[in-house]
Each structure stands twice: as C-alpha cells, then as structure tokens.
K.L.:
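I am attaching a structure below and will ask some questions about it afterwards.
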Amino acid sequence: MERTAMLDEVDEGWLSRRYYGGDLPPEAERFLHLAAASHADAEAAERHLARAAELAPGHRLVDLGHYKFHFYKANLDTALLYGERMLGHAMAAIGLNHADWRTVSRDQSDFAGLEPAPRLFLFALTAVGYLQLRLGRLAEGREALNKVRELDPKDRFGTTRLLAAADRYEAGQDDAGPEDDDA
C-alpha cells in the first residue's frame, strides 16, 4: 500500500475503516482516506483521489472526495465541476432521470425532512450556487440559491445569507466579494 512520510502518523485502523461503506469498494475508500490524510501534499492527495476514481469510476463518494479537495484548495472551477457531478448524483438518488435542477419542485421529494437524498440535493445545489457566486457568476449563483430557498423555506441551508452577501457585493457595499457576508 502506498504511504508517504506524512502518513506515518495515521494508523492502519483509520485507513482501513469503513466510514462510507455501502457500495463503495473498500480499496477505493482506503484511497479516499489516504487523500484526506495527504491533504497538505496536494500532489499526493490528487494521486490518491485518482486511484480511488480508477477503482470506483463515477462513484458519488469519489466525486465528493474530489469536490472537497478542490474546494478546500480553492480550485473553485474544478470544485464546481465536481459540485455539479454531486448534483447529478443527488438528482438520481431522488429518482429524477434528467439533469435540469431548475425543474425540481417540492412535490418531487421531501426537502423539509431528514432523508439523505433530498438533503444531498439541497447541499449540492447550495455548493454549486455558492461556487458560482465566488467565481463572479452572480446570475447563475442566484438562480441556484433561489431554487434552494424555494425548496427549503426554513432556510436550513443558509441561502438567504448567501444571497444577501451577493446583494451587498453587487451594490458595492462589500468589496471583499460575495462570499464575505459579515457586513
């Protein structure tokens, strides 16, 4: 098994654990754990993510691993690509066999509940909207976040706050960017 000097502090039990389980092959999960443990070494982490993708191509958890890595490394364009993939996984999980999230309505799933599939949809669409805002694509970001707000009227995903930050940014009251909403 591949190891780097950084990983010497990570024990075998942690690497071998089945945190995700389900239909993700154990060896692919191990590479996701190796990628997480190698986060400070981007080259090693990407190598582990690529190995996980070879073992489980197109798997939602491998795509989630890529999303998280690129998001936290501020590779926003690449994070958006994986965020959109997560959105596709979420739509399939709630039984939708198309890719147009704009047509999703409250009667297609219980978006107010605690079931994982609709929550994943709302999470993924929030991530896509947020990344669009960060990339300066305000109209696209607003569209995605407004769809989340429509499906999540109690604002559990915090889209109202993100939209308010985008409003302040557009009005010129927030020079830091639409991601900073502490004003």
Side-chain angles (χ1 to χ4, degrees), residues 19-20 32 35-40 42 45-46 49 53 58-183:
Y19 179 76
Y20 299 117
L32 290 179
S38 303
H39 188 265
E46 287 186 281
L49 287 169
H59 195 285
R60 67 193 178 289
L61 294 171
V62 174
D63 285 346
L64 179 61
H66 279 89
Y67 166 80
K68 291 165 68 176
F69 173 78
H70 290 291
F71 180 83
Y72 290 116
K73 289 294 185 185
N75 303 327
L76 302 183
D77 283 313
T78 307
L80 178 59
L81 170 76
Y82 285 101
E84 290 170 341
R85 286 187 186 184
M86 291 306 302
L87 191 54
H89 292 300
M91 290 185 69
I94 58 177
L96 301 174
N97 61 358
H98 61 81
D100 188 0
W101 54 262
R102 292 165 190 82
T103 64
V104 175
S105 63
R106 284 187 198 176
D107 61 346
Q108 292 176 303
S109 193
D110 179 12
F111 293 102
L114 298 175
E115 290 298 316
R119 290 178 57 81
L120 176 61
F121 176 83
L122 294 173
F123 168 78
L125 191 54
T126 301
V128 166
Y130 174 78
L131 288 167
Q132 295 281 17
L133 292 181
R134 292 280 315 267
L135 290 165
R137 302 171 192 153
L138 299 182
E140 294 91 338
R142 283 179 193 284
E143 185 178 22
L145 294 173
N146 278 321
K147 175 54 82 173
V148 174
R149 189 162 59 180
E150 172 191 322
L151 300 172
D152 176 34
K154 292 185 178 177
D155 198 27
R156 295 175 305 153
F157 288 82
T159 53
T160 298
R161 194 171 139 197
L162 293 172
L163 288 163
D167 289 344
R168 285 192 306 277
Y169 177 73
E170 268 191 323
Q173 298 170 357
D174 188 350
D175 294 333
E179 72 279 4
D180 297 317
D181 64 344
D182 294 332

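Source: prediction; values computed, not measured.
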K.L.:
Out of curiosity, Phe71 CZ to Leu131 CG, how far, rounded to the nearest 0.5 Å?
P.N.:
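Atom-to-atom, Phe71:CZ and Leu131:CG are 6.0 Å apart.
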
K.L.:
Can you classify the ring geometry of Phe121 versus Phe111 as parallel (below 30°), tilted (30 to 60°) or perpendicular (above 60°)?
P.N.:
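Rings of Phe121 and Phe111: tilted, 30 to 60°.
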
K.L.:
Enumerate the side chain to side chain donor-acceptor pair (under 3.5 Å) contacts for residues 138-147, please, sequence neighbours excluded, ordered by first and then second residue.
P.N.:
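For residues 138-147, and leaving out neighbouring residues, the side chain to side chain donor-acceptor pair (under 3.5 Å) pairs sorted by first residue read Arg102-Glu143, Arg142-Asp167, Arg142-Glu170, Asn146-Arg149, Lys147-Glu150.
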
K.L.:
If you compare all heavy atoms of Leu151 against all heavy atoms of Ser105, which two are closest, and at what distance to 0.1 Å?
P.N.:
CD2-C, 3.7 Å

K.L.:
With the side chain counted from C-beta on, respond yes when Leu122 and Arg156 share a heavy-atom pair under 4.5 Å apart, and no when they do not.
P.N.:
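The answer is yes, as the side chains (C-beta and beyond) meet within the 4.5 Å cut-off.
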
K.L.:
Any idea which heavy atoms bring His89 and Gly58 closest together, and the distance?
P.N.:
CE1-O, 3.0 Å

K.L.:
Calculate, to the nearest 0.5 Å, the distance between atoms NE2 and CD belonging to His39 and Glu46 respectively.
P.N.:
10.0 Å

K.L.:
Hey, what do you get for CG (Leu125) to CG (Leu145), rounding to the nearest 0.5 Å?
P.N.:
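Rounded to the nearest 0.5 Å, the CG-CG separation comes to 7.0 Å.
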
K.L.:
Between Ala124 and Gly83, what is the shortest heavy-atom contact and its length?
P.N.:
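Residues Ala124 and Gly83, closest heavy atoms: CB-O, 4.3 Å.
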
K.L.:
Less than 4.5 Å apart, any side-chain heavy atom of Ile94 and any of Gln108?
P.N.:
no

K.L.:
Would you say that Asp110 contacts Glu115 through its side chain, given a criterion of any heavy-atom pair below 4.5 Å between the two side chains?
P.N.:
no

K.L.:
Rounded to the nearest 0.5 Å, what separates atom CZ in Phe69 from atom CG in Leu49?
P.N.:
6.5 Å

K.L.:
Taking the side chain from Glu84 and the backbone from Leu81, do they hold a donor-acceptor pair closer than 3.5 Å?
P.N.:
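Between the backbone of Leu81 and the side chain of Glu84 there is no qualifying donor-acceptor contact (under 3.5 Å).
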
K.L.:
Which pair of heavy atoms, one from Ala53 and one from His66, lies closest together, and at what distance?
P.N.:
CB-CE1, 4.1 Å

K.L.:
Return each pair, listed once, that meets salt bridge (Lys or Arg N to Asp or Glu O under 4.0 Å) where at least one residue sits in residues 58-71; pairs must be two or more places apart or across chains.
P.N.:
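For residues 58-71: Asp23-Arg60, Asp63-Arg85.
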
K.L.:
Identify, with sequence neighbours excluded, every residue that meets side-chain hydrogen bond (donor to acceptor under 3.5 Å, both in side chains) alongside Thr103.
P.N.:
none

K.L.:
I need the Leu138 CG to Tyr169 OH distance, nearest 0.5 Å.
P.N.:
6.5 Å

K.L.:
To the nearest 0.5 Å, how far apart are CG in Leu76 and NE2 in His70?
P.N.:
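Answer rounded to 0.5 Å: 11.5 Å.
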
K.L.:
Which label fits Phe123 and Tyr67: parallel for a plane angle under 30°, tilted from 30 to 60°, or perpendicular past 60°?
P.N.:
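Phe123 and Tyr67: perpendicular rings.
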
K.L.:
So, the side chain of Lys73 versus the backbone of Ala79: is there a donor-acceptor pair under 3.5 Å, distance only?
P.N.:
no

K.L.:
State, with a plain yes or no, whether a side-chain heavy atom of His59 is found less than 4.5 Å away from one of Leu32.
P.N.:
no

